[in-house]
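To keep things clear, I will list the structure first and then write my remarks on it.
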Amino acid sequence: MLVHNVLTRIEEERGRFMHWAPLFLGTGVGTYFALLSEPTGPIYASLIAFVAFCALIAWLWPWGFGPLAIAVGLVGFGFCLAGARAHYVAEPVLGFRYYGPVEGRIVKIDRSQSDAVRLTLDRVRLDDVGPTMHATTVRVSLHGDQGYLAPAIGQRIAMTAHLSGPNGPVEPGGFDFQRMAWFRGIGAVGYARVPALLLKPPEPGIALAVSRMRQNISAWVRGVLPGETGAFAAAITTGDRSAMGKDTIGALRASNLAHLLAISGLHMGLLTGFIFQAMRMVLSLWQSVALRYPIKKLAACAAILSGAFYLALSGGNIATERAFVMVATMFVAILFDRRALSLRAVAMAAIIVLTLHSEALVEPGFQMSFAATTALVAVFGWLRDRARNDGAWRASKWARPVLAVVISSFVAGMATAPFGAAHFNQISHFGLLANLLSVPIMGALIMPLAVLAALLSTAGLGWLPVKLMGPPIDWIIGVARFVSSLDGATGQVPAPPDAVLPMVAVGGILATLLTRRARLMALVPFVAAALLWSQATRPPVLISSTGGLVGVMTDAGRDLSKPRGEAFAALSWLENDGDAADQETAFARVGLTGKPGHLTAKLGGAVLIHLTGRGAGDRVLDACGEADLVALSGKPTTDPPANCTLLDRAALSKTGAVALWPDADGFRIETARARAGNRLWTR
């Protein structure tokens with residue numbers, strides 16, 4: 001009876017199977033990334049055979065078990081797809097610390113978290129490094145005075161730099177930069193403190209020509225609009241955020257307006273939507289054209305082409321590519337006389353993105369953009385149906401734009417809030433207010449003026465629309481600064497367990513796709529995720545991968561062992577704790593006692609000593625006489641006794657960052673390498 005009911009329910013959903021396909025495909029992709037060891041060849045061969053068997057079942061029995069076989073087969077296919085993608089993007093990774101000459105061609109210019117100019121180089125040459133260990137793409141931050149070099153896309157430069165392979169998570173289960181770098185093709189990262197030298201001017205090539213055009217447009221926009229206004233305009237037109245100040249970016253993040261900087265779904269939708277409506281309106285002015293040709297489809301083609309140009313101009317990053325796939329799918333639906341804004345179109349876009357970039361599933365951009373788009377399409381579809389069936393739901397004509405902005409801002413904010421809080425540990429309490437005051441300005445003034453600037457630039461008049469963009473941009477920046485300055489503008493939340501976001505995603509999909517009372521099933525994963533998140537605990541003690549930084553949890557928050565240095569790890573720990581304090585404030589807390597270079601902390605019944613500074617290696621034996629575990633930012637001069645656990649730089653280089661938990665034996669060690677597993681990007 002149960003099997004019959006399940007098959008009946010599946011059959012009822014047969015017509016909407018496309019809506020469910022991303023869930024099954026994403027489950028397979030997510031399973032691949034959740035593994036702790038890399039699948040072997042026989043596993044892939046077995047899965048491929050299983051997927052083929054499911055396809056055969058679906059072909060022989062299209063009804064009944066057929067849709068179920070497709071669903072299960074999509075899970076296996078998603079797993080294989082993610083594995084194939086991970087092997088396809090494989091590039092050499094630098095396996096040791098390198099200091100010496102570095103030559104390469106500039107392919108990207110941006111800024112690091114410390115606000116330094118950062119260059120991505122390809123065709124790299126390192127001194128006395130074999131081809132198997134030779135990273136072909138590196139990312140270098142330029143510190144100090146760089147002399148007269150003005151970095152430009154396509155230049156070949158030389159410098160003396162410190163390089164190493166991409167680092168692992170700063171704590172067990174934290175953000176995995178190694179994985180992100182693997183799929184970006186980055187084999188080494190580092191920094192240079194001496195000026196870089198220009199070896200060759202920019203080389204010819206279509207890809208580099210587009211990048212140079214992007215850089216030139218960005219510089220031209222900043223020349224027309226100086227200061228933060230021009231930097232904002234350059235960011236939304238070309239994706240170049242290198243000129244944005246840290247304070248402005250911080251205000252935009254605190255007010256939940258940072259999405260206005262990223263060229264993603266909002267920008268692509270506003271641009272292509274404006275082109276579509278404008279082209280359709282222009283073509284309708286000619287009666288002969290309007291009566292003879294399908295102007296709606298012609299306008300859709302123009303919108304797709306404009307989106308493709310915007311994709312190339314913005315640098316073609318994954319977030320923008322994902323946004324282009326989404327809007328292109330919707331406009332292609334118009335070409336085939338289908339509804340543009342439908343869950344089917346969103347599902348098709350998700351399938352395409354997962355097929356092209358399966359790693360996007362574990363990135364915040366994919367999760368937030370598809371959560372917002374799915375929620376918006378579902379809610380506005382529900383409102384449209386209610387208005388069609390019940391005239392009382394139909395708002396007056398003048399109120400519709402206002403209601404649309406309010407509803408879309410609220411729905412998108414609610415849909416993305418769990419993902420934003422989980423990834424960035426921050427909630428903007430006044431984000432709805434900031435978006436209501438800014439998004440209409442973005443759509444009604446800034447994006448149309450940007451399109452007009454592109455059109456008039458051919459006649460040398462593009463500066464005029466760019467100038468007109470200034471006041472609206474200043475308004476948005478002013479709103480961000482005002483909202484972020486309000487008392488209680490942001491709230492901090494701790495990092496959730498790994499299972500929380502998958503539960504939220506499943507709950508959202510069930511709430512969107514199920515009908516009537518069946519929607520109540522969505523409450524199960526939502527409630528489970530909320531309970532799991534509320535019970536999340538943070539590690540009592542964290543030790544960085546260098547051994548130079550230790551953080552001990554206290555009643556007032558985490559106490560850090562030093563006020564400066566290893567800032568990325570320190571701030572990441574505090575953010576994951578849901579703590580808004582800076583490193584110096586955390587250092588002033590009382591959790592680690594003793595004198596500089598010899599700090600002591602207690603973990604349950606165990607004692608931890610942290611040794612740093614000159615002669616730290618000579619003090620290991622004395623420290624082991626007092627402690628159960630010694631963390632050392634260097635190398636010991638003598639071996640520790642058997643009853644003393646030593647975490648020195650050599651040991652931590654193998655384990656990565658370490659978390660300590662109390663247990664019956666005193667303490668339990670959890671390593672970042674063990675949590676990350678033995679994967680392609682960790683070897």
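Nearest heavy atoms, W182 versus A90: CZ2-CB, 3.5 Å. When all heavy atoms of L611 and A616 are compared, the pair lying nearest together is CD1-O, 3.7 Å. Of all heavy-atom pairs spanning V552 and A601, the tightest one is CG2-CB, 3.7 Å. Contact detail for L542 and P172: the closest heavy-atom pair is CD2-CD, 4.3 Å. Between A254 and Q426 the shortest heavy-atom distance is CA-NE2, 3.8 Å. The two residues L81 and S358 come nearest to each other via the heavy atoms O-OG, 4.1 Å.
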Would T645 and I669 satisfy side-chain contact (heavy atoms from CB on, under 4.5 Å), going step by step from the backbone distance to the final call?
CA-CA 10 Å; T645 302; I669 297 178; 4.1 Å; yes
Could you go through V362 and R179, starting from their C-alpha distance and side-chain angles, then the distance that decides it, and tell me whether this counts as side-chain contact (heavy atoms from CB on, under 4.5 Å)?
CA-CA 10 Å; V362 296; R179 183 178 62 195; 3.8 Å; yes
Determine, step by step, whether F370 and V353 satisfy the side-chain contact (heavy atoms from CB on, under 4.5 Å) criterion, reporting the C-alpha distance in whole Å, the side-chain angles of both residues, the deciding distance to 0.1 Å, and the verdict.
CA-CA 11 Å; F370 276 100; V353 171; 4.2 Å; yes
Verdict with supporting geometry, R668 and D663, salt bridge (Lys or Arg N to Asp or Glu O under 4.0 Å)
CA-CA 6 Å; R668 172 174 58 88; D663 66 2; 5.1 Å; no
Between V29 and F79, does the side-chain contact (heavy atoms from CB on, under 4.5 Å) criterion hold? Intermediate values first, please.
CA-CA 5 Å; V29 173; F79 186 98; over 6 Å; no
Stepwise salt bridge (Lys or Arg N to Asp or Glu O under 4.0 Å) test for R538 and E171
CA-CA 11 Å; R538 295 286 298 147; E171 66 172 89; 2.9 Å; yes
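At least one side-chain heavy atom of N435 sits less than 4.5 Å from a side-chain heavy atom of L257. The closest side-chain heavy-atom distance from F667 to L608 is not below 4.5 Å. Using a 4.5 Å cut-off on side-chain heavy atoms (C-beta onward), P169 and F175 make no contact. Using a 4.5 Å cut-off on side-chain heavy atoms (C-beta onward), T160 and V102 make no contact. When side chains are defined from C-beta on, K654 does not count as touching T671, because their heavy atoms never get closer than 4.5 Å. You'll find the side chain of L574 reaches within 4.5 Å of the side chain of L560, heavy atoms only. A 4.5 Å side-chain heavy-atom check between W681 and V93 finds every atom pair outside the cut-off. L361 places none of its side-chain heavy atoms less than 4.5 Å from the side chain of E363.
D622 pairs by the salt bridge (Lys or Arg N to Asp or Glu O under 4.0 Å) definition with nothing, not counting sequence neighbours. Under the side-chain contact (heavy atoms from CB on, under 4.5 Å) criterion, V138 pairs with L121, V124, A135, V140, L163, A188, sequence neighbours left out. Every residue two or more places apart in sequence or in another chain that forms a side-chain contact (heavy atoms from CB on, under 4.5 Å) with T40 is listed here: P42, I43. In terms of the side-chain hydrogen bond (donor to acceptor under 3.5 Å, both in side chains) criterion, residue partners of Q367 (sequence neighbours excluded) are, by chain and number, H423. Partners of E38 under the side-chain hydrogen bond (donor to acceptor under 3.5 Å, both in side chains) rule, at least two apart in sequence or in another chain, are Y32, R679. Remark: A251 engages A480, R481, S484 in a side-chain contact (heavy atoms from CB on, under 4.5 Å) (not counting sequence neighbours). The ring pair (Phe, Tyr, Trp, His ring centres under 6.0 Å) search around F77 returns none, not counting sequence neighbours. H162 meets the ring pair (Phe, Tyr, Trp, His ring centres under 6.0 Å) test with Y99, Y191; sequence neighbours excluded.
Annotation: the span from K562 atom NZ to T612 atom OG1 amounts to 7.5 Å, rounded to 0.5 Å. Taking CE of M180 as the start and CD of E359 as the end, the distance is 11.0 Å to the nearest 0.5 Å. Remark: L35 CG to N678 CG distance equals 11.5 Å, nearest 0.5 Å. If you take CG on L119 and OG on S112, they are separated by 10.5 Å, rounding to the nearest 0.5 Å. With rounding to the nearest 0.5 angstrom, the OG1 atom of T416 is 4.5 Å from the CE atom of M368. Considering OG1 of T27 and CZ of F24, their distance stands at 7.5 Å, rounded to 0.5 Å.
Around CZ of R253, the count of heavy atoms belonging to other residues, nucleotides or ligands within 6.0 Å does not exceed 12. More than 12 heavy-atom neighbours from other residues, nucleotides or ligands sit within 6.0 angstrom of CG on D122.
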Table please: side-chain donor-acceptor pairs of residues 629-641 below 3.5 Å, with sequence neighbours left out.
from, atom 1, to, atom 2, distance (Å)
T637, OG1, G617, O, 3.2
T637, OG1, D618, OD1, 3.2

Show me the donor-acceptor pairs within less than 3.5 Å that the side chains of residues 584-594 make with the rest of the protein, sequence neighbours left out.
from, atom 1, to, atom 2, distance (Å)
T585, OG1, D582, OD1, 2.6
R589, NE, A556, O, 3.4
R589, NH1, R558, O, 2.9
R589, NH1, D579, OD2, 2.7
R589, NH2, D579, OD1, 3.4
R589, NH2, D579, OD2, 2.9
T593, OG1, T600, O, 3.4

With a 3.5 Å cut-off and sequence neighbours excluded, list the donor-acceptor pairs that the side chains of residues 490-500 form with protein atoms.
from, atom 1, to, atom 2, distance (Å)
D498, OD2, R675, NH2, 3.0

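Between the side chain of R241 and the backbone N or O of R111 there is no donor-acceptor pair closer than 3.5 Å. E91 places no side-chain N or O within 3.5 Å of a backbone atom of G185 that could act as its donor or acceptor partner. A donor-acceptor distance shorter than 3.5 angstrom exists from the side chain of S544 to the backbone of L549, with no hydrogens or angles considered. A side-chain donor-acceptor contact under 3.5 Å links S561 to the backbone of V550. Judged by distance alone, with hydrogens and angles left aside, the side-chain atoms of T682 form a donor-acceptor pair with the main-chain N or O of G677 at under 3.5 Å.
Judged as a salt bridge (charged side-chain N to carboxylate O under 4.0 Å, His left out), not a single pair has a partner in residues 412-422 (not counting sequence neighbours).
A perpendicular orientation is assigned to the rings of F96 and Y98, their planes being inclined by more than 60° (bins at 30° and 60°).
You'll find the ring centres of F183 and F33 inside the 6.0 Å limit.
Looking at T546 and E566, their side chains do bring a donor and an acceptor atom within 3.5 Å of each other.
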